[in-house]
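What follows is a single structure, written as structure tokens, with notes after it.
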Amino acid sequence: MGVQWLLVCHGLLTLLVLVSFLCGNWPIFDGTPIQRINHFLTFGICDYFQRFVGFVFGARGTNAIQTVEYFCCDRPNPTLQVIYLAIIGGTYYLVATSSFHYIPGYYIGEVHRYISFLAVGVGVLLFLLTSLSDPGTVNSDNVSVYLSAYPYDNVIYTEKECSTCKIPKPARSKHCSICDRCVARFDHHCGWMNNCIGERNIHYFMAFLLWHTLLCIYGTVAVGLILAGQVREFRVTDILIVYYRVENSFISLSPHVIQWLVGAYNTQILLMMFLAIVALLIAGFFGYHAKLCLTNTTSNETFKWQDYINWQRKLSEAKASSAALKASINGITSERKPPESKWRTLFRRSPLEDVEVVVKNNIYDKGFFQNVLEIIFPLSRRRVYANTKLKSG
């Protein structure tokens, strides 16, 4: 059973590392070991490595590391795109070479040889569409369209000029320092796509996430059906019951069946675990962005609202503290009153509890149906806003 436990520990460790790396900076993980692992993976390793290179090779080594960091993190580059193609191509190759000769099987038909290839092809197509499409670049020719489509809320977006592009900055837009352009309804810059995610390609991005979630689930189930067919073909459960006197129950049979599968089909087991873990991660990422889309919010706006609410809360607390201090000073300087009961002092309501709660007022949230339509059919492509460009021209 040592091999099984080794696989389980490997899977759990892989899941912990992937979740920490991809999701460790989410607010839900604040103050948890996952956040600390994320910080170590994203900053700690690089910092220690840079110190080591500087210690061994001096200033030249440090400058070389900084040059590589600038190329990989601060400028557009296809590194993660190549890694994505290598992952999806390598995974499909491993599945094909290790499992296709078991198709057709008891529970899976010949057609899945071709369906799997088609499914991977659609995934790559969505990847290319997201990577190569215009996210909604704002320039002097179309800025009037975006100014008409997205009004300022005067809370997190106010009328201003982009200091880099020297054009009016529409609401919900942001200048991407990596791509060096203003992007309408900016969500985030995706390194995997080597492109910004904005108004005009968010639908491709969401389709990419959904499709790859389903693709990984499909791969996990397909490999599982292949293995189930092998168990039936070799009559493993019958042999265990008849010759090894194992009780005919799921709880009794499953450890022995898993042990046999791990010994005979370890490649397929590892592929199943990998696909299942990736499916969970992409599904979580898709769920997060789906929630944003359904409320007509972007990742960029989520951080803006968080900063604004925190600033308003601190401002309100400062005002309440100032008012309480003023009241205390006035009480000292006024006529002396009888001492207040200690119990009354203990249960007295703190002035900070009366601080007004700051509420997020998202004027761009137009309801479920309209929000979904805005993702599928961007505002700037609609005739009513396209006419704005013609009139202004």
Side-chain angles (χ1 to χ4, degrees), residues 1-24 32-34 37 41 83-84 86-117 119-120 123 212-285:
M1 295 291 287
V3 178
Q4 291 90 318
W5 281 110
L6 183 62
L7 285 173
V8 170
C9 293
H10 176 270
L12 292 175
L13 182 61
T14 302
L15 178 62
L16 176 64
V17 171
L18 285 173
V19 170
S20 300
F21 180 72
L22 297 174
C23 314
T32 64
I34 290 179
I37 294 174
L41 293 174
I83 292 175
Y84 161 80
I87 290 173
I88 194 168
T91 303
Y92 180 77
Y93 173 79
L94 287 174
V95 172
T97 55
S98 66
S99 305
F100 272 21
H101 54 275
Y102 298 117
I103 299 176
Y106 275 99
Y107 303 109
I108 191 166
E110 178 77 18
V111 69
H112 288 278
R113 286 175 177 262
Y114 312 104
I115 290 178
S116 61
F117 180 78
V120 171
H212 279 71
T213 300
L214 298 176
L215 181 62
C216 290
I217 294 173
Y218 168 66
T220 304
V221 173
V223 175
L225 291 176
I226 290 172
L227 295 180
Q230 293 304 108
V231 170
R232 179 169 176 177
E233 181 179 344
F234 288 100
R235 303 175 66 88
V236 175
T237 55
D238 293 338
I239 292 172
L240 289 171
I241 294 170
V242 175
Y243 293 100
Y244 293 92
R245 306 296 181 183
V246 178
E247 183 183 348
N248 186 12
S249 66
F250 177 80
I251 296 177
S252 301
L253 288 171
S254 55
H256 300 282
V257 173
I258 292 173
Q259 184 177 5
W260 180 77
L261 287 172
V262 169
Y265 304 97
N266 52 6
T267 302
Q268 289 85 348
I269 294 292
L270 288 173
L271 282 171
M272 278 186 65
M273 292 175 61
F274 172 75
L275 290 171
I277 290 171
V278 173
L280 288 173
L281 291 174
I282 300 179
F285 198 54

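Numbers here simply count residues along the sequence, with the first being 1. The analysis underlying the following values was restricted to heavy atoms, covering all of them including side chains, and did not include hydrogens, waters or symmetry mates.
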- Task: For side chain to side chain contact (heavy atoms under 4.5 Å, CB included), just list the numbers for Ile269 and Ile258, CA-CA rounded to whole Å, side-chain angles, deciding distance to a tenth of an Å, and then say yes or no.
- Result: CA-CA 9 Å; Ile269 294 292; Ile258 292 173; over 6 Å; no
- Message: Assess the residue pair Val231 and Trp260 against the criterion (side chain to side chain contact (heavy atoms under 4.5 Å, CB included)); give the C-alpha distance rounded to whole Å, side-chain angles, the decisive distance to 0.1 Å, and a yes or no.
- Response: CA-CA 9 Å; Val231 170; Trp260 180 77; 3.9 Å; yes
- Candidate pair Ile103 and Ile226, rule side chain to side chain contact (heavy atoms under 4.5 Å, CB included), full reasoning: CA-CA 7 Å; Ile103 299 176; Ile226 290 172; 3.9 Å; yes
- Message: Could you go through Ser98 and Leu271, starting from their C-alpha distance and side-chain angles, then the distance that decides it, and tell me whether this counts as side chain to side chain contact (heavy atoms under 4.5 Å, CB included)?
- Response: CA-CA 10 Å; Ser98 66; Leu271 282 171; 3.7 Å; yes
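Taking the six-membered ring for Trp and the full ring otherwise, Tyr84 and His212 have centroids separated by under 6.0 Å.
Checking side-chain atoms of Thr97 against main-chain N and O of Leu94 turns up a donor-acceptor pair under 3.5 Å. Ser252 places no side-chain N or O within donor-acceptor distance of the main-chain N or O of Asn248, the cut-off being under 3.5 Å.
Of all the heavy atoms in Leu275 and Cys216, the pair that sits closest is O-CB, 3.5 Å. The nearest pair of heavy atoms linking Leu215 to Val120 is CD1-N, 4.2 Å. What you find for Ala279 and Thr213 is that their closest heavy atoms are O-CG2, 4.0 Å. The two atoms that bring Ser20 and Leu41 nearest to each other are CB-CD1, 4.5 Å, heavy atoms only.
With hydrogens and angles left out, the side-chain atoms of Tyr265 and Gln230 include a donor and acceptor closer than 3.5 Å.
In this structure, the separation between CD1 on Ile83 and CD1 on Ile88 is 14.5 Å, given to the nearest 0.5 Å. Here the straight-line distance linking atom OG1 of Thr220 with atom CE of Met273 works out to 11.0 Å at 0.5 Å rounding.
A search for salt bridge (Lys or Arg N to Asp or Glu O under 4.0 Å) contacts involving Arg113 returns Glu110, not counting sequence neighbours.
Side-chain atoms of Gln268 and Tyr102, non-hydrogen and from C-beta on, do get closer than 4.5 Å to each other. Looking at heavy atoms from C-beta onward, Leu227 lies in side-chain contact with Met272 at the 4.5 angstrom threshold.
Counting non-hydrogen atoms of neighbouring residues, nucleotides and ligands closer than 6.0 angstrom, the CZ atom of Phe100 exceeds 12 such neighbours.
Judged as a salt bridge (charged side-chain N to carboxylate O under 4.0 Å, His left out), the pairs with a partner in residues 223-235 (not counting sequence neighbours) are, in order, Arg235-Asp238.
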